[in-house]
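Here the structure is laid out as structure tokens; the discussion comes afterwards.
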2 protein chains.
Amino acid sequence: MAMKVREIGGFHIGGHQVSLTGLPARPMVLTQGAAPRVFSADGDFETGQMYAQFVRLEAPAARYPLLMWHGGGMTGATWETKPDGAPGWQSWFLNAGHDVFVSDAVERGRASWSRFPEIYPEEPHFRSKQECWELFRFGPPGSYGTRTPYRGTLFPVDCFDQFAKQIVPRWGGNDAPTQAAYDALVRKVGPAVVMTHSQGGAFGFTAALHAPDTVRAVIGIEPSGAPDPDGLDLTALRGVPHLVVVGDYISGDPMWPEMLGRVNRYLGALREAGCVAEVLDLPAAGMTGNSHFPMMDRNSDAVAGLVQDWMRRQGLIGS
Amino acid sequence: MAMKVREIGGFHIGGHQVSLTGLPARPMVLTQGAAPRVFSADGDFETGQMYAQFVRLEAPAARYPLLMWHGGGMTGATWETKPDGAPGWQSWFLNAGHDVFVSDAVERGRASWSRFPEIYPEEPHFRSKQECWELFRFGPPGSYGTRTPYRGTLFPVDCFDQFAKQIVPRWGGNDAPTQAAYDALVRKVGPAVVMTHSQGGAFGFTAALHAPDTVRAVIGIEPSGAPDPDGLDLTALRGVPHLVVVGDYISGDPMWPEMLGRVNRYLGALREAGCVAEVLDLPAAGMTGNSHFPMMDRNSDAVAGLVQDWMRRQGLIGS
């Protein structure tokens with residue numbers, strides 16, 4: 001799977017300076033063997049920035065770069081090598097001819113995070129393995145204790161602890177700066193296809209609303225939310241096709257039917273406004289066993305292939 | 001600068017599970033538009049893991065992969081695109097024929113971090129721009145207010161705010177888990193050259209002590225510390241050449257002479273034990289103006305070339 005790469009790099013985008021005063025200084029040892037030194041906590045800090053990393057191909061087949069936006073409590077690692085060690089979607093879409101930008105949203109990964117409550121209004125939430133196991137539909141409610149997965153799951157549950165090493169703290173109050181940074185990323189990159197996962201879904205839908213001439217398509221993998229369409233004029237999105245991909249084990253879940261209900265309401269409004277807004281329901285299409293993380297499931301290549309086919313049908317991949 | 005890439009990926013390594021109980025639950029809104037839900041803070045969590053990302057070439061010229069370990073309060077972004085937008089050392093060494101592993105140490109970037117004081121013993125330190133400006137020798141003590149840099153500096157000080165977006169919180173008490181994760185990374189990757197920056201220096205020196213048959217060379221870019229050599233048997237490192245690279249503006253600095261003194265003491269002990277332990281003092285070699293971040297300075301390509309020459313002299317690059 002050798003590929004000719006033109007450029008690899010990364011950058012931070014968005015954010016601004018804040019200044020703090022009146023915080024207590026304290027002694028710390030920050031380098032092995034050094035004497036304790038008193039450090040001030042006051043000063044100027046950047047906040048609200050995000051991070052993106054790009055791999056540009058020598059000869060991409062896709063018309064636009066693919067921006068890959070992870071979900072809540074996760075980072076760009078979502079798209080890289082899978083917890084079972086097999087190649088993930090960053091690799092897959094590079095090999096399929098896309099320039100790829102994998103990013104870490106505000107507050108996560110290489111984007112950094114800011115002190116609370118002085119800058120972020122609240123403390124973070126540390127998502128436990130229990131919460132992930134159920135929310136990500138690896139097993140039914142109550143099954144974490146014995147780690148008994150859903151029958152037929154394609155998530156590599158024997159690698160669940162490896163998966164859990166990716167989890168990062170998350171906040172509940174940072175939607176506005178996160179959206180602002182994503183919007184700045186779209187402006188910087190220019191025309192692009194936005195692929196989101198979970199919490200990234202609402203940010204991707206909104207980014208297209210904010211820049212309908214720049215975002216050329218939105219692909220929501222299991223989006224956990226979407227804008228409320230009431231009062232929104234969606235006609236500007238007629239040239240921006242939307243695809244939502246949904247996995248298995250939804251109907252008996254205590255949370256996902258409601259979350260996907262809001263997504264489907266938004267997609268319905270898009271269609272009413274004359275936009276392309278399609279749902280790829282994997283079990284309905286005969287592909288059963290996908291979790292909330294189809295990019296990590298054992299059939300990730302097959303799901304990626306269906307997404308690639310959709311992009312080709314939308315004219316997003318060169319002849 | 002197109003290159004043939006065999007594989008791009010990432011993984012987490014090291015760490016273990018901890019379980020917390022008795023913490024208060026609280027209501028949070030974690031997805032736009034959803035109703036508040038009460039989340040438990042109890043449960044199982046991974047802690048102590050680190051993250052690494054690799055780019056493997058189709059036909060590397062170097063004998064071993066190059067592991068690039070960032071400094072304190074930073075992430076792997078240190079090695080990527082420079083704050084002024086020009087290619088950094090990840091690109092440079094890839095183009096020079098090295099497989100490259102860029103990592104985020106425990107507590108930083110995509111490695112994630114753990115709650116305090118329940119898991120990490122203390123709260124983090126948020127390094128201000130003032131502290132960075134002086135500690136990284138962009139300007140002399142007291143010069144941050146006017147942002148007046150050292151005369152002749154090669155750091156792109158007009159991009160200092162962009163640089164500051166990379167800064168991440170750091171802790172003072174995580175040396176042991178950080179070292180353990182680095183040691184696990186070395187075991188996983190196998191024979192490799194370790195290149196460190198700043199706080200990474202002591203971790204790299206120690207990794208070689210722990211695995212002298214696996215670490216094939218140590219290149220410390222401005223290391224801020226080193227092991228105390230008293231009582232250490234360093235003879236196992238006779239096959240592991242060490243190079244330390246030091247920039248400009250050291251002598252008048254309030255902290256760096258002492259920190260580099262400890263490094264030089266370790267290098268002296270290595271030489272006494274019959275090891276190769278060289279110092280590349282850039283100003284003494286006629287290259288003036290380098291900051292604590294030579295990989296981001298305007299002459300970064302030239303400094304990288306000197307490091308590459310040293311590796312070639314040590315037999316680390318194929319004929």
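On a predicted model such as this, the values are computed, not experimentally measured, just so you know. By convention in this document, chain letters (A, B, ...) are assigned in the order of the sequence lines, proteins followed by strands, and residues within each chain are numbered from 1.
Contacts with chain A were tallied for B/Gln90, B/Met259, B/Arg108, B/Gln53; B/Gln53 has the most, counting heavy-atom pairs under 4.5 Å. Considering only heavy-atom pairs separated by less than 4.5 Å from chain B, the leading option among A/Pro124, A/Gly88, A/Pro169, A/Gly15 is A/Pro169. Chain B forms the most heavy-atom pairs under 4.5 Å with one residue out of A/Asp44, A/Leu20, A/Thr81, A/Thr75, and that residue is A/Asp44. In terms of heavy-atom pairs under 4.5 Å with chain B, the best-connected choice from A/Gln130, A/Gln162, A/Met28 is A/Gln130. Note: A/Arg110 leads A/Glu80, A/Glu46, A/Arg110, A/His12 in heavy-atom pairs under 4.5 Å with chain B. Here B/Gly76 is the residue among B/Gly201, B/Ser19, B/Gly76 with the most heavy-atom pairs under 4.5 Å with chain A.
For the ring-ring contact (aromatic ring centres under 6.0 Å, His included) with A/Phe126, the qualifying choice from B/Phe45, B/Trp113, B/Phe116 is B/Trp113, the only one to do so.
For B/Ser114, the part lying near chain A is the backbone, with the side chain staying farther off; criterion is any non-hydrogen pair under 4.5 Å. For chain A, no part of B/His70 is nearby; none of its heavy atoms comes within less than 4.5 Å. Neither the backbone nor the side chain of A/Val18 comes within less than 4.5 Å of any heavy atom of chain B. In this structure, chain A has heavy atoms under 4.5 Å from both the backbone and the side chain of B/Arg127. Neither the backbone nor the side chain of A/Met74 comes within less than 4.5 Å of any heavy atom in chain B. Proximity to chain B involves both the backbone and the side chain of A/Asp161, based on heavy atoms less than 4.5 angstrom apart. For A/Arg37, the part lying under 4.5 angstrom from a heavy atom of chain B is the side chain only. Neither the backbone nor the side chain of B/Met50 comes within contact range of chain A, judged by heavy atoms closer than 4.5 Å. Looking at B/Trp79, neither its backbone nor its side chain comes within 4.5 Å of chain A, counting heavy atoms on both sides. In this structure, no portion of B/Pro83 lies under 4.5 Å from any heavy atom of chain A.
The shortest distance between side-chain heavy atoms of B/Ser128 and A/Ser40 does not fall below 4.5 Å. By the 4.5 Å heavy-atom criterion applied to side chains, B/Arg26 and A/Glu122 are counted as neighbours. The shortest distance between side-chain heavy atoms of B/Ile8 and A/Met3 falls below 4.5 Å.
The NZ atom of A/Lys165 sits 15.5 Å away from atom OH of B/Tyr51, with the distance rounded to the nearest 0.5 Å. Taken to the nearest 0.5 Å, the OG atom of A/Ser112 stands 8.0 Å off from the CD1 atom of B/Ile167. Atoms CD and CG, on B/Glu7 and A/Leu94 in that order, are 12.0 Å from each other to the nearest 0.5 Å.
Remark: the A/Gln166 side chain and the B/Gln49 side chain contain no N/O donor-acceptor pair separated by less than 3.5 Å.
Salt bridge absent: B/Glu58 and A/Lys4 never bring a charged side-chain N and a carboxylate O closer than 4.0 Å.
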